[in-house]
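Letters A, B, ... are given to chains in the order of the sequence lines, protein chains preceding strands, and every chain is numbered from 1.
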Amino acid sequence: GQNIDQPTEMTATEGAIVQINCTYQTSGFNGLFWYQQHAGEAPTFLSYNVLDGLEEKGRFSSFLSRSKGYSYLLLKELQMKDSASYLCAVRSFTGNQFYFGTGTSLTVIP
Amino acid sequence: NAGVTQTPKFQVLKTGQSMTLQCAQDMNHEYMSWYRQDPGMGLRLIHYSVGAGITDQGEVPNGYNVSRSTTEDFPLRLLSAAPSQTSVYFCASALVGRTEAFFGQGTRLTVV
């Protein structure tokens with residue numbers, strides 16, 4: 001089965017750095033994925049990790065520790081447009097399904 | 001490049017009516033799936049498929065049917081709509097393996 005946990009809401013200041021955590025328990029792991037979803041829109045892919053360590057893509061970075069069942073998404077130099085929901089997802093090795101957490105709603109304030 | 005296309009974007013149904021939500025992708029993805037998204041519940045997997053002729057149930061399959069006759073299309077059928085099926089539905093596709101999923105623009109369904 002899958003159990004994916006992430007905080008419900010976070011608030012951060014424009015220009016600052018924010019870290020969104022995700023913990024998971026899964027039977028069969030084939031990657032940890034982060035998506036961004038603005039209100040009323042579809043999720044869009046941000047980053048993924050298969051091996052332990054940090055993956056950097058511009059202002060966004062994602063970290064994975066498979067032994068701890070833990071990941072985080074790091075957003076640097078926050079902009080107002082970063083206000084959105086951030087979804088953590090785990091892909092199953094056996095059936096290829098993606099399972100999502102409930103999402104973290106990030107509000108960026110001036 | 002169209003990606004994942006869902007139709008319709010909005011739909012209102014009466015309780016007991018049936019309808020089909022359409023999903024098509026042009027990326028030759030083996031994996032296709034349907035999710036529903038409700039406030040506070042995140043994306044919940046309804047059904048998924050890893051190829052033509054192969055479908056399987058996800059976390060919340062009751063009340064929904066799917067079929068996969070071609071690689072491109074993965075329709076979701078509601079046989080007898082209920083108010084509890086009021087939600088936003090997303091179709092997603094991906095290559096099999098360690099790759100990301102791509103989402104359609106969603107269908108906002110209201111059952112009255």
Same cluster or not: are [X] and [Y] linked, directly or through other Ile, Leu, Val, Met, Phe, Trp or Tyr residues, by side-chain heavy atoms under 4.5 angstrom apart?
X        : Y        : answer
Trp34(B) : Met19(B) : yes
Met32(B) : Val60(B) : yes
Leu95(B) : Val4(B)  : no
Leu64(A) : Leu54(A) : no

For [X], is it the side chain, the backbone, both, or neither that has a heavy atom closer than 4.5 Å to a heavy atom of chain B?
X        : value
Tyr35(A) : side chain
Phe98(A) : both
Gln97(A) : both

Do you know which of Leu87(A), Thr102(A), Ile4(A), Thr44(A) has the most heavy-atom pairs with chain B at a distance under 4.5 angstrom?
Thr102(A)

Shorter than 4.5 Å, heavy atoms on both sides: which option in Gly31(A), Pro43(A), Ala89(A), Ser105(A) has the most such pairs with chain B?
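With the most close heavy-atom pairs to chain B, the winner is Pro43(A).
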
Under 4.5 Å from a heavy atom of chain A, the part of [X] involved:
X        : answer
Ile54(B) : neither
Gln37(B) : side chain
Val50(B) : side chain

Anything in residues 38-46 of chain B with a heavy-atom distance to chain A below 4.5 Å? Please list those residues in order.
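Residues in range: Gly40(B), Met41(B), Gly42(B), Leu43(B), Leu45(B).
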
Considering all heavy atoms of both residues, which atom of [X] and which atom of [Y] are nearest to each other, and what is their separation?
X         : Y        : answer
Glu41(A)  : Phe90(B) : O-CZ, 3.8 Å
Arg91(A)  : Gly97(B) : NH1-O, 2.5 Å
Gly104(B) : Ala42(A) : O-CB, 3.1 Å

Please determine whether the number of non-hydrogen atoms from other residues, nucleotides or ligands lying under 6.0 Å from atom CZ of Phe45(A) exceeds 12.
yes

Assess whether atom CD of Gln105(B) is packed by more than 12 heavy atoms of other residues, nucleotides or ligands within 6.0 Å.
no

